[in-house]
2 protein chains.
Amino acid sequence: MSEEWLDEIKWDEQGLVPAIAQDYQTGRIMMFAWMNREALHLTQQEQRAIYWSRSRQKLWRKGEESGHVQRLHEIRLDCDGDVVLLKIEQLGGIACHTGRESCFYRQLDRSGQWQVTDDVLKDPSQIYSAE
Amino acid sequence: MSEEWLDEIKWDEQGLVPAIAQDYQTGRIMMFAWMNREALHLTQQEQRAIYWSRSRQKLWRKGEESGHVQRLHEIRLDCDGDVVLLKIEQLGGIACHTGRESCFYRQLDRSGQWQVTDDVLKDPSQIYSAE
């Protein structure tokens, strides 16, 4: 497979593109992260989500430590070519580092408070080994 | 309603936060855009999506010209407090400026080509008046 499809993406000044990960079956949005060209290329090659960690400035193989790998089902691109959508299968059913299914577990209620709507499925200390 | 909920958001260096708009019924991701504090505040107040246009450097009241307003159903925030998810009802059934339902109308196929998977529902020239 040629790499031409990667050339159609409009990388930002830092060479990154936003990536949305959506459960391929339920449609739930699991998380949001960033990718550079290498991360997206590897995501396609290895058929699992690989992001670029802006805080650590290195590739982030989602699930590498936790086992919560995101198996790739589909890659989509938006009209402007500057946002990527991954449809994924979330192994372990947990995408969030807090131990919840999705990172979007807070909802604004009518009184203007962020309410936590999702339970912690697994204690983060049991997900991540001490480093 | 106080504005404290806005203080919990981690705005980036430009005072912006990424916003994902998702159909509240089908779960389809319709578009991706940016918001500043005022845009998000107005979105909550007016119960419709209002973004910040980075290219035009001004508020962008989605649907203002096209009529394709995004009626707000829910606002969610991610674990890091730096990405917002809107669950919306897409009036007119068209979110994309190309006249398609969703901006994410291209899918990477097995041969490495971006394939258009969605039809144009309405000719953009009929959506937007000449300016």
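Chain A is the first sequence line, chain B the second, and so forth, proteins listed ahead of strands; every chain is numbered from 1. Keep in mind the model is a prediction, meaning the values are calculated, not measured.
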Are [X] and [Y] joined in one hydrophobic group, where the rule is that I, L, V, M, F, W and Y side chains link up if heavy atoms are under 4.5 Å apart?
X        : Y         : result
Leu42(A) : Val69(A)  : no
Leu16(B) : Val84(B)  : no
Trp34(A) : Ile29(A)  : yes
Trp52(B) : Trp11(B)  : no
Ile94(B) : Phe104(B) : no

Contacts of Glu89(A) meeting salt bridge (Lys or Arg N to Asp or Glu O under 4.0 Å) (sequence neighbours excluded), chain-then-number -> Arg71(A)
Under a 4.5 Å heavy-atom cut-off, does chain B meet the side chain of [X], its backbone, both or neither?
X         : result
Thr117(A) : side chain
Gln44(A)  : side chain
Tyr105(A) : both

Let me know if Ile9(B) has heavy atoms under 4.5 Å from chain A in its side chain, its backbone, both or neither.
side chain
When the 4.5 angstrom heavy-atom criterion is applied to Glu4(B) and chain A, the contacting part is neither
In terms of heavy-atom pairs under 4.5 Å with chain B, the winner among Ile75(A), Leu77(A), Asp82(A), Leu85(A) is Leu77(A)
Residue among Val83(B), Leu6(B), Asp80(B), Val116(B) with most heavy-atom pairs under 4.5 Å to chain A
Val83(B)
Taken in chain and number order and not counting sequence neighbours, the residues that satisfy side chain to side chain donor-acceptor pair (under 3.5 Å) with Glu74(A) are Arg76(A)
What residues of residues 17-28 of chain B make heavy-atom contacts with chain A at a cutoff under 4.5 angstrom?
Pro18(B), Ile20(B), Gln22(B), Gly27(B), Arg28(B)
Close approach to chain A in residues 106-115 of chain B, criterion heavy atom under 4.5 Å:
Arg106(B), Gln107(B), Leu108(B), Asp109(B), Arg110(B), Ser111(B), Gly112(B), Trp114(B)
Drop me the distance from Cys96(A)'s SG to Asp78(B)'s CG, to the nearest 0.5 angstrom.
8.0 Å
